[in-house]
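For clarity, every value in this text was computed on a predicted model and none was experimentally measured. Labels below follow one simple rule: chain letters A, B, ... track the order of the sequence lines, proteins then strands, and each chain is numbered from 1.
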Amino acid sequence: DQQVKQNSPSLSVQEGRISILNCDYTNSMFDYFLWYKKYPAEGPTFLISISSIKDKNEDGRFTVFLNKSAKHLSLHIVPSQPGDSAVYFCAVPSNTGKLIFGQGTTLQVKP
Amino acid sequence: NAGVTQTPKFRVLKTGQSMTLLCAQDMNHEYMYWYRQDPGMGLRLIHYSVGEGTTAKGEVPDGYNVSRLKKQNFLLGLESAAPSQTSVYFCASIANTEAFFGQGTRLTVV
């Protein structure tokens, strides 16, 4: 039973446009949500997080939105840059200590 | 400050062989994790530990064992490797909300 789902395996956008990556979750008790970015042959790196008491968190070009009623969060990157091309994972820490990841979305930003 | 270090980085095993992957962190984190990454499957949690001397099963624990004898080290063992365990393995440790990952171990079982 996948608790965190990223239903889009890939996304391609033009440089300068907005990239929107989506994530759905099943457990309404999660306290916060994380986004990670991964380049080939490297470990994932933390990108941005959001607490369940907020509906938006912004850090430069990256904004995460949380819709608790829909159990959905999204990551917006604007403007998108070629260096943003990577695999993006959403992740959720459970109250038992598990850190659960979605399947990932591969973003390609075309120059 | 090395962060999270995984050894080895690459390994080829024959079916039935055993090996141990080592994860070391120098950040005094309590929580540590082992994941495997396969195409289209994302990062799947194998085992994790919430402190020295404790371990717990994740989503895909079968065929793996772990130990956390020291706080800074989390070992992942394969007792009898199978081709289905060909994957890239990542270790992570967590502080508050942020997880720090190692560079990964690419394991091929032939």
For this session: Kindly check if the number of other-residue, nucleotide or ligand heavy atoms within 6.0 Å of CZ (B/R44) is above 12?
Result: yes
For this session: Give a yes or no on this: more than 12 heavy atoms of other residues, nucleotides or ligands lie within 6.0 Å of atom NZ of B/K70.
Result: no
Exercise. Would a hydrophobic clustering, with Ile, Leu, Val, Met, Phe, Trp and Tyr connected at side-chain separations under 4.5 Å, put B/I46 with A/F101?
Worked result: no
Exercise. Highest number of heavy-atom pairs under 4.5 Å with chain B: which of A/A41, A/G97, A/S51, A/P9?
Worked result: A/G97
Exercise. Any side-chain heavy atom of B/I94 sitting closer than 4.5 Å to one from A/F46?
Worked result: no
For this session: Measure the NZ-NE2 distance between A/K98 and B/H47 for me, rounded to the nearest 0.5 Å.
Result: 11.0 Å
Problem set entry | Separation between OG1 of A/T96 and OH of B/Y48, rounded to the nearest 0.5 Å | 4.0 Å
Exercise. Does A/W35 belong to the same Ile/Leu/Val/Met/Phe/Trp/Tyr cluster as A/V109, with side-chain heavy atoms less than 4.5 Å apart forming each link?
Worked result: yes
For this session: Select one option (side chain, backbone, both, neither) describing which atoms of B/Q37 are under 4.5 Å from chain A's heavy atoms.
Result: side chain
Problem set entry | Heavy-atom check, side chain of B/M41 versus side chain of A/Q103, under 4.5 Å | no
Problem set entry | B/F90 side chain reached by A/K38 side chain, heavy atoms, under 4.5 Å | yes
For this session: Can you tell which part of B/L43 gets under 4.5 Å to a heavy atom of chain A, answering side chain, backbone, both or neither?
Result: both
Exercise. Would a distance-only check, ignoring hydrogens and angles, find a side-chain to backbone donor-acceptor pair under 3.5 Å from A/Y36 to B/A99?
Worked result: yes
Exercise. Does any heavy atom of chain B fall under 4.5 Å from the side chain of A/L99, the backbone, both, or neither of them?
Worked result: both
